Structure formats: C-alpha cells, structure tokens
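Notes for the one structure printed next.
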Amino acid sequence: MLRCLVFGGSGVIGSSTTDLLARMGHHVGATYFNTPQETDSSSGSESEVFWTRCDVRDPTQVVATVESFVQTHGAPDAVIYAVGDPAETTSFIDPAAQAQYVLVTAAELRRALDLNTLGAIHVCQAVSNIMTATGGNIVIVGALDGFKAMPSPVHFAASKAALKGVVESLAKRLGAFNIRVNLVVPGLLDLGASSAIDASLKQTYLKHCGLKRFAKREEVADMLAWFATENTYITGQAIVMDGGL
C-alpha cells in the first residue's frame, strides 16, 4: 500500500486517477480548487480519499498541502500533477480564428504559465526534499499542444511545452535520490474539453490517428497509476498517448 498525492484530483483525468488509486487500496490525498462537491470519498473505493483545497499558483498553499499529507500519512511515494483549468481553450481551435492565436496578452500568458508550468514546479519543489529519503515517482500530466504542432493558443502551448524541460531537468537532478520524474501526454479524450471541439476538427484528428478513436480517461488514469505505483526505472521521459497521431 503506497501513499499517493494527486494535485488536481477533481478534474476529468485527476478524478479517474484518484478513484483508481483508491480502489487499488492505496492511501490517497487529492486537491481541488473550484469543485468542493468532489471532496467526498470515492465511491466503491477500498480506502478513503483525503481532500484539500489548494491553489497551486501559491507556493505556500502547496507546501501546506504537502506538509498536511505528510503529517497524516507520511512521505508520499508518488505525486501526480493533473491540474488544469476547464476554461482553458485546448487543441484544435476553429481554423477561422487562427490569426488570433498569437494575439495573446501578457495577462493570459502569465495565467497559463502560473497554472500549467509554475504550479508543477511548486509541487515538485515541495515534495522533492521530502521524497529524497525514500525515493518515488513524480508524474506530470501534459498536453499534446505542448508536444506536437497543433492549432492551439500560443500561451497554452508554451506553458505545456515547458513541462518537458522541467521533467528532463528534474530527472537528472533527482535521480541520485531514486526519484523518477515523467510526463504523460494525453491526446484528445472522448469527453471533457474535447467535447467543445468542432466536429470537423474531430474528424481530422481521427483521420490521422492510427487507432481511429479518442482516448478514454480510464486509459490515461491507468497509465498515470502505473507510473505512480509500478515504475522503477523510467525517468525523464514524455509518454505520448495520442493513438498514433
């Protein structure tokens, strides 16, 4: 039985991962920001999920969340960063608005970087010193926008692309302490933000996707759970789950 901490546990991917880890019988802590109704224990789980509200843009809140988890459960064996803003516009935006993609304001860029990049760094900083004594896995959820050429908003793509460098750098620095750091990059899902994408653009995605279908959130959760609980040697990698795009 491992101790797992999921940042962004109330989102589409985060909730599936949190529930899976709990059903596997692990000690699970999870955070939410705008969704307090998600703070009930996962139904059907063998162990309770302990929920905490946390704004990952604030490093003091991140540290407090980690310290609270450690006091209750001990040092985490696995930490997953699955934070995302449902209001963010993601992959495959309407091509008619393509010219507007580069017209990003400084405020929009800062918001994306604070949540997607700096938030992940805050979490890694808060847990790495604690995990150096025991080792473990840190898994960050990325986005295809930051890994492949996509018609997506430049600020969102930039904030997600930066995560690859974060993971590679931390893998080198933390490897001596047996801490593995990896990035899981999902493609389009069959629900969530993908539901707002134009039908013609979905068909374009499926046309070029080797498996000819979207990913299921359970498939992403399975991958995250494996990296969190089973991985012993993979580090510094970006695992792309796009069905062969």
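Just so you know, these numbers come straight off a predicted model, no measurement behind them.
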Next item on the list: Go through D77 and R3 one step at a time and tell me if the salt bridge (Lys or Arg N to Asp or Glu O under 4.0 Å) criterion holds.
Entry: CA-CA 5 Å; D77 300 295; R3 298 175 294 271; 3.6 Å; yes

Next item on the list: Ignoring hydrogens and angles, tell me if any N or O in the side chain of T65 forms a donor-acceptor pair with the backbone of Q61 under 3.5 Å.
Entry: yes

Item checked: salt_bridge(D190, R213) N-O dist < 4.0 Å -> no

Margin query: With side-chain contact (heavy atoms from CB on, under 4.5 Å) as the criterion, how do C124 and I140 come out once you've worked through the C-alpha distance, each side chain's angles and the decisive distance to 0.1 Å?
Written below: CA-CA 10 Å; C124 291; I140 298 174; 4.1 Å; yes

Notebook entry, point to check: Where do D222 and L20 land on the side-chain contact (heavy atoms from CB on, under 4.5 Å) test, with the steps shown first?
Noted result: CA-CA 8 Å; D222 284 342; L20 175 58; 3.3 Å; yes

Note to self: Any non-hydrogen side-chain atom of M24 less than 4.5 Å from a side-chain atom of T229?
What the structure shows: yes

Item checked: Cationic tip of R57 above F33 ring, under 6.0 Å, 45° of axis -> yes

Check: Is the number of heavy atoms from other residues, nucleotides or ligands within 6.0 Å of CZ (R53) greater than 12?
Finding: yes

Check: NZ of K216: more than 12 outside heavy atoms within 6.0 angstrom?
Finding: no

Notebook entry, point to check: With W226, which of N231, N137, V139, V184 fulfils side chain to side chain contact (heavy atoms under 4.5 Å, CB included)?
Noted result: N231

Next item on the list: Please check if F177 and V181 belong to a single hydrophobic cluster, counting links between Ile, Leu, Val, Met, Phe, Trp and Tyr side chain heavy atoms closer than 4.5 Å.
Entry: yes

Item checked: Same cluster (ILVMFWY, side-chain, under 4.5 Å), V63 and V123 -> no

Notebook entry, point to check: Can you find a pair of side-chain heavy atoms, one from V240 and one from L144, that are under 4.5 Å apart?
Noted result: yes

Checklist line | V49 versus A22, closest heavy-atom pair with distance | finding: CG2-CB, 3.7 Å

Check: Linking I/L/V/M/F/W/Y whenever their side-chain heavy atoms sit closer than 4.5 Å, directly or via other members, would L5 and L2 fall into one cluster?
Finding: no

Notebook entry, point to check: Would you say K148 has more than 12 foreign heavy atoms packed within less than 6.0 Å of its NZ?
Noted result: yes

Next item on the list: Could you check V66 against F7 for side-chain contact (heavy atoms from CB on, under 4.5 Å), going step by step and ending with a plain yes or no?
Entry: CA-CA 10 Å; V66 173; F7 283 84; 4.0 Å; yes

Margin query: When you measure from the side chain of S16 to the backbone of I13, do you find a donor-acceptor pair of N or O atoms at a distance under 3.5 Å?
Written below: no

Checklist line | F50 ring center within less than 6.0 Å of H73 ring center | finding: yes

Check: If only atom types and distance count, is the side chain of T31 paired as donor or acceptor with the main-chain N or O of T52 below 3.5 Å?
Finding: no

Next item on the list: Indicate yes or no for a side-chain donor-acceptor contact from Q237 to the backbone of T235 under 3.5 Å, with no hydrogens or angles considered.
Entry: yes

Next item on the list: May I ask you to say whether E168 pairs ionically with K164, meaning some side-chain N is under 4.0 Å from a carboxylate O?
Entry: yes

Notebook entry, point to check: Side chain of H26, backbone of L21: donor and acceptor closer than 3.5 Å?
Noted result: no

